[in-house]
Amino acid sequence: MSAPNSPAPQPIDRASVDLLVIGSGTGLTTALAAHELGLEVAVAEKTLLVGGSTARSGGAFWIPGNPVLVHDGAVDSVERAAEYLTAAVQDSSPRARWQTVLDHGAETVEMLQRTTELSFTWVKGYADYFPQLPGGSAQGRSVESRPFDLRRLGSERARLQPEVMSAPFPMPVTGANYKWLNLIAKQPLRVLPMAMKRGIQGVGGLALGREYAAGGQALAGGMYDGAIRAGIPIWTGAELIDLVREGTRVVGARLRQGDAEVTVLAKYGVVLAAGGFDHNMRMRREYQSPALVADLSLGAKGNTGDAIQIAERAGAAIGNMDQAWWFPAVAPVGEEPPQILLAERSLPGSIIVDSSGRRFINEATGYMSFGQEVLRRERAGDPVGNMWMVFDQRYRNSYLYAGQVFPRMALPPAWYEAGIAHRASSVAGLAGAIGVPAAALAETIARFNSHAGAGTDSDFGRGESAYDRYYGDPTNFPNPCLRELDERRLYAVQIVISDLGTCGGILADGTGRVLDQAGAPISGLFTQGNSAANVFGSVYPGAGATIGQGLVYGVVIANEVARIAQGASVGAQ
């Protein structure tokens, strides 16, 4: 489990606690809330690093009606969000599960503001993923952390899970910054001052002994800092082996740390917040697709489904196992991870085709929906095969690509050498290079161009949604997501389906209590985050919905455990 220069495990230093949290992503919220309520809580983290997939994420959270939205002027309400989720989720998840997120969202954000040094801001304009539905918001409900100084962690800084993507030099890039950095060549007067501000903050901060980070690094780092200052023990390199039970009640956990096995009793409960089964390819092939052979997940490496399997052995029911937070990405080269494609798919002058050389989706659609469509076609016996993102020279000159290739820069030579990138001076030449029928690709581009020139996509509706347009190019008229491709200089980059983690898992009720096969709560056992089945069923309602539900259920579980503890205290008197 260890690696060169990895920090040593943080030793298990007690045999019993009131509440034991397994996992240090959104599980840190549970720990902070439980500690504030007067419970003795500890966190057990399987890996040597703290933060889980939260630290590797974009760090936004989707919690409707929270006080940051109110403070920043968003027009939102819990009632509107309930209308939206009713339309979006439908019957893919019980209402009690998602209603909890609405009922306790404000309380969760207020708790984080009290127990950490984090400061939050509304990502204005980052639309819900289905803004056209009743109650949907074109202005969005996503919130993110302002840059946070990781030097506050002191000697514990080395234990923070690293980010997936980083800027080429020290600068804290928020989600809102990312949107505009993609347009640096098109709107330099707007983007350069912002980039300079973040660069000065990053480099200048280092000169002052500070290390400003944004995104998931800020959120996880801030919660980790809050836990450290609260004196909450976080045991690293502490792997869950099994649950300890008395009859049907869970009363603790067996942990392995190094060569030792340790039993830690938990007076009022154990919380499974250990992530999904991102890197367990046997489970992924069994539950999701036999075609998932290569491990392309960007979730934390410790996420191998241990908690889900252990909960099953204890009688827990599972569900939604075919789902993940899918994300289209550039095919990996060598040991490099996939490079996710977010804004790139919305920007004009590009399309995505399948192995037949034809478009098959609104390229700008939400990333989870994109992956779901790819798997739907596979299950229908009509697989997409190899996918290619096709774009022209003007696109290449105008936009940041895959977070690393700046406008006018050549695509990495390694991409060409690996055969995941090609260029040609004609449609027929490109079709031959990527192995698709030339006539089909020519017809696809001609049809797309005829629509794009009019600013409409009558085939897939690209650019009609406020979500599509958020990452589009506002200088491109009449549709920020559509422009004809210039066939004189074309590129193609191979696309794969990666993910930010799985989102199927343990079934739970509206207080986070794990349910057994009969639908009854298992006493003393709770779950949250990606260890639990997605609160929103098969739907990703908005940017940060995965983190948002994990944060809220952390507070809800802490409240429930405190209620149980209070009842036990009264009963003992």
Side-chain angles (χ1 to χ4, degrees), residues 132 328 330-331 341-367 369-378 380-399 401 420-497:
Q132 72 280 3
V330 175
L341 297 171
L342 182 53
E344 293 88 344
R345 297 178 292 112
S346 294
L347 292 165
S350 67
I351 58 173
I352 294 177
V353 300
D354 62 15
S355 58
S356 74
R358 302 186 185 280
R359 293 177 71 214
F360 63 96
I361 197 169
N362 168 11
E363 294 88 348
T365 193
Y367 35 92
S369 297
F370 193 108
Q372 288 173 328
E373 173 60 14
V374 171
L375 292 189
R376 185 201 66 77
R377 281 191 50 179
E378 178 185 309
D382 180 29
V384 299
N386 288 337
M387 295 180 289
W388 296 92
M389 185 169 186
V390 177
F391 48 89
D392 61 15
Q393 187 66 51
R394 182 174 163 191
Y395 178 99
R396 181 75 291 281
N397 291 346
S398 301
Y399 310 119
Y401 194 76
I420 69 160
H422 299 273
R423 57 191 167 197
S425 57
S426 68
V427 174
L430 190 71
I434 64 177
V436 304
L441 184 61
E443 181 184 337
T444 295
I445 292 177
R447 180 174 175 82
F448 177 80
N449 283 353
S450 69
H451 293 174
T456 62
D457 175 13
S458 59
D459 290 332
F460 299 102
R462 177 169 160 184
E464 293 178 5
S465 163
Y467 171 73
D468 295 1
R469 295 193 297 273
Y470 178 74
Y471 281 122
D473 180 352
T475 70
N476 187 79
F477 300 100
N479 188 321
C481 302
L482 297 177
R483 176 181 58 74
E484 307 99 309
L485 275 70
D486 182 343
E487 300 176 14
R488 293 174 297 178
R489 184 69 165 174
L490 293 170
Y491 297 82
V493 174
Q494 188 174 0
I495 307 304
V496 295
I497 294 300

Quiz item: Any side-chain heavy-atom pair from Y399 and P348 closer than 4.5 angstrom?
Solution: yes
Exercise. Compare every heavy atom of A364 with every heavy atom of Y467, then report the nearest pair and how far apart it is.
Key: CE2-O, 3.3 Å
Exercise. With side chain to side chain contact (heavy atoms under 4.5 Å, CB included) as the test, would you mind laying out the steps for D486 and R394 before giving the verdict?
Key: CA-CA 8 Å; D486 182 343; R394 182 174 163 191; 5.9 Å; no
Quiz item: Out of curiosity, F460 CZ to I352 CD1, how far, rounded to the nearest 0.5 Å?
Solution: 11.5 Å
Quiz item: Run the side chain to side chain contact (heavy atoms under 4.5 Å, CB included) check on E344 and Y471 step by step: do they pass?
Solution: CA-CA 8 Å; E344 293 88 344; Y471 281 122; over 6 Å; no
Self-check item: side-chain contact (heavy atoms from CB on, under 4.5 Å) partners of N479, counting only residues at least two apart
Solution: C481, L482
Quiz prompt | Euclidean distance, I351 CD1 relative to I361 CD1, rounded to 0.5 Å | solution = 13.5 Å
Quiz item: What's the spacing between I420 CD1 and N386 CG if we round to 0.5 Å?
Solution: 11.5 Å
Exercise. Without swapping roles, check the side chain of T456 against the backbone of S458 for a donor-acceptor pair under 3.5 Å.
Key: no
Exercise. Let me see the working for E373 and T365 under side chain to side chain contact (heavy atoms under 4.5 Å, CB included), right down to the final yes or no.
Key: CA-CA 10 Å; E373 173 60 14; T365 193; over 6 Å; no
Quiz item: For the atom pair CZ (F448) and CZ (R483), what is the distance rounded to the nearest 0.5 Å?
Solution: 9.0 Å
Quiz prompt | Lys/Arg N to Asp/Glu carboxylate O, D354 vs R377, below 4.0 Å | solution = yes
Quiz item: Roughly how far apart are Q393 CD and S425 OG, rounded to 0.5 Å?
Solution: 12.0 Å
Self-check item: Reported CG-to-OG distance for the pair D473 and S346, which is rounded to 0.5 angstrom
Solution: 11.0 Å
Self-check item: Those residues that, when tested against S350, pass side-chain contact (heavy atoms from CB on, under 4.5 Å) (two or more places apart)
Solution: M389, F391, Y395, R462
Quiz item: Is any side-chain N of the basic residue among R359 and D457 closer than 4.0 Å to the acidic one's carboxylate O?
Solution: yes
Practice problem: Please confirm whether the backbone N or O of Y491 pairs with a side-chain atom of R423, one donor and one acceptor, at under 3.5 Å? | Solution: no
Going by atom type alone, with no hydrogens or angles, which donor-acceptor pairs under 3.5 Å involve a side-chain atom of residues 429-444 and a protein atom two or more places apart or on another chain?
from	atom 1	to	atom 2	distance (Å)
T444	OG1	G357	O	3.0
T444	OG1	A440	O	2.9

Exercise. Show the numbers, then the answer: is there a side chain to side chain contact (heavy atoms under 4.5 Å, CB included) between N362 and E464?
Key: CA-CA 10 Å; N362 168 11; E464 293 178 5; over 6 Å; no
